[in-house]
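Written out below as structure tokens is the structure these notes cover.
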Amino acid sequence: MIKLSNYKIIKKIASGGMGDVYLAEHEHLGNKVAIKSLHANLVHDESFRKRFITEAKTHHKLSHPNIVKLLDFQIQEHGLFLIMEYVEGKQLNDYITKVTGPIPEKKLIPLFLQILSAIEYAHSKKLIHRDIKPANILITKEEKVKVIDFGIAKQSAEDHGLTLAGQQVGTVSYMSPEQVNAETVDILTDIYSLGVTLFQMAVGKSPYDEVTNAFKIQLKIVNEPFPNARDVYPSISDKLLAIIEKATQKKKTDRYKN
């Protein structure tokens, strides 16, 4: 368990490749926060330190009602810590699996518009998220959206030397063809991932839900037509079907431009 001055750690609430996230409470103010801590074995690794510090600098630029707010960043001898607002809610994938199933269009559209607003704002700040997926979207009890995890977001103009040429980043099932091929990415990469996320919201599962082998998923993304949402959920509207199809075009110039 981590220790951080002025904060009482309550419990671990998430874990990932670079770090863990803890629920904590400020000892004097009493407000709850989420603290993301770089894994102890990575604290002295210069490349991971740079990535974590870059995440803090990136996240600090963002102030939007649908993006989790960064409150503070601390570098201690024993660790690096992002201190963020705590959002009580469910990850969108859990919300779909455990609450709604395929989200009815009347409810889906207001939720998706909030997601779009958050990503549009990030793009206006010249940031590409690169890992848009339901697990990185929180839904509160009031059905407000909060986008999280800008850990692999990049400036659209440059990559600050933190990602090697030909290196994949992102989560396989939500990757665009250009991400799979480790090619240059831009905001149209996020557009593709938004289309995949919309597919999952509309039909109740990811397009490659039945495929467990990451390499096979990558081959499908590059070589096969994107799955037809109506084959999974016949009740999807023509409007949503058309949006998904355009957003997930393999040739990125055929997608929505923003």
Side-chain angles (χ1 to χ4, degrees), residues 9-24 32-39 55 58-59 62 64-71 82-105 107-122 127-153 169-175 179 190 192-212 214 217 229 232-233 244 247:
I9 307 301
I10 298 171
K11 63 179 179 179
K12 184 190 292 188
I13 54 177
S15 190
M18 280 182 65
D20 299 315
V21 181
Y22 297 87
L23 172 61
K32 287 186 170 60
V33 298
I35 299 177
K36 184 173 181 179
S37 168
L38 184 64
H39 283 314
E55 178 176 358
T58 299
H59 202 153
L62 303 175
H64 187 277
N66 298 120
I67 296 175
V68 166
K69 187 173 181 59
L70 178 67
L71 305 175
L82 293 166
I83 300 165
M84 302 170 287
E85 70 168 313
Y86 172 64
V87 178
E88 191 170 349
K90 290 184 182 295
Q91 291 173 307
L92 178 57
N93 51 321
D94 287 337
Y95 179 81
I96 293 167
T97 303
K98 299 175 182 177
V99 180
T100 62
I103 303 175
E105 192 167 327
K107 180 180 285 191
L108 181 154
I109 289 174
L111 289 174
F112 197 65
L113 286 174
Q114 292 180 67
I115 299 168
L116 293 180
S117 180
I119 301 305
E120 178 187 36
Y121 172 80
L127 290 171
I128 306 160
H129 190 286
R130 297 200 292 180
D131 198 20
I132 296 168
K133 58 183 178 181
N136 280 339
I137 298 163
L138 299 177
I139 309 294
T140 71
K141 291 178 181 177
E142 297 78 26
E143 301 204 330
K144 299 297 182 186
V145 162
K146 292 282 188 176
V147 176
I148 62 172
D149 203 346
F150 284 79
I152 63 169
V169 291
T171 302
V172 173
S173 292
Y174 306 90
M175 279 184 177
Q179 279 177 296
D190 282 350
Y192 184 96
S193 299
L194 285 165
V196 184
T197 298
L198 180 58
F199 178 104
Q200 189 163 339
M201 293 172 75
V203 310
K205 58 183 181 179
S206 75
Y208 305 107
D209 195 57
E210 310 301 325
V211 187
T212 56
I217 293 174
V232 183
Y233 188 65
I244 292 166

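Just the heavy atoms: all of them, side chains too, but no hydrogens, waters or symmetry mates, feed the values below.
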(request) Would you mind checking if E210 and K205 are paired as a salt bridge, meaning a charged N to carboxylate O distance below 4.0 Å? (result) yes

(message) Can a donor-acceptor pair be found, under 3.5 Å and without considering hydrogens, that links the side chain of N66 to the backbone of K144?
(response) no

(message) If I compare all heavy atoms of T197 with all of K133, which pair ends up nearest, and what's the gap?
(response) OG1-CA, 3.8 Å

(request) For the pair H129 (side chain) and I148 (backbone), establish whether a donor and an acceptor sit closer than 3.5 Å, ignoring hydrogens and angles. (result) yes

(message) Could you check whether S37 and D20, counting side-chain N and O atoms only, form a donor-acceptor pair closer than 3.5 Å?
(response) no

(message) Between T100 (side chain only) and P102 (backbone N and O only), is there a donor and an acceptor less than 3.5 Å apart?
(response) no

(message) To the closest 0.5 Å, what do you measure between CE (M201) and CD1 (I109)?
(response) 10.0 Å

(request) Could you check L116, L92, L111 and say which one makes a side chain to side chain contact (heavy atoms under 4.5 Å, CB included) with V145? (result) L111

(request) For the residue pair Y174 and Q200, confirm or rule out a side-chain donor-acceptor distance under 3.5 Å. (result) yes

(request) Please check if the side chain of H59 supplies one atom and the backbone of L82 the other of a donor-acceptor pair under 3.5 Å. (result) no

(message) With a 3.5 Å distance limit and no angle check, can you tell me whether K36 reaches the backbone of Y22 through a side-chain donor-acceptor pair?
(response) no

(message) Determine whether a donor-acceptor pair (N or O, by modelled atom type, separation under 3.5 Å) exists between the side chain of Q179 and the backbone of R130.
(response) yes

(message) Check whether E85 reaches the backbone of K69 with its side chain - one donor and one acceptor, N or O, closer than 3.5 Å.
(response) yes

(request) Give the minimum heavy-atom separation between G195 and A247, together with the two atoms involved. (result) CA-CB, 3.8 Å

(message) Would you say CD of E120 has more than 12 non-hydrogen atoms from neighbouring residues, nucleotides or ligands within 6.0 angstrom?
(response) no

(message) If the threshold is 4.0 Å, N to carboxylate O, is there a salt bridge linking E143 and K107?
(response) yes

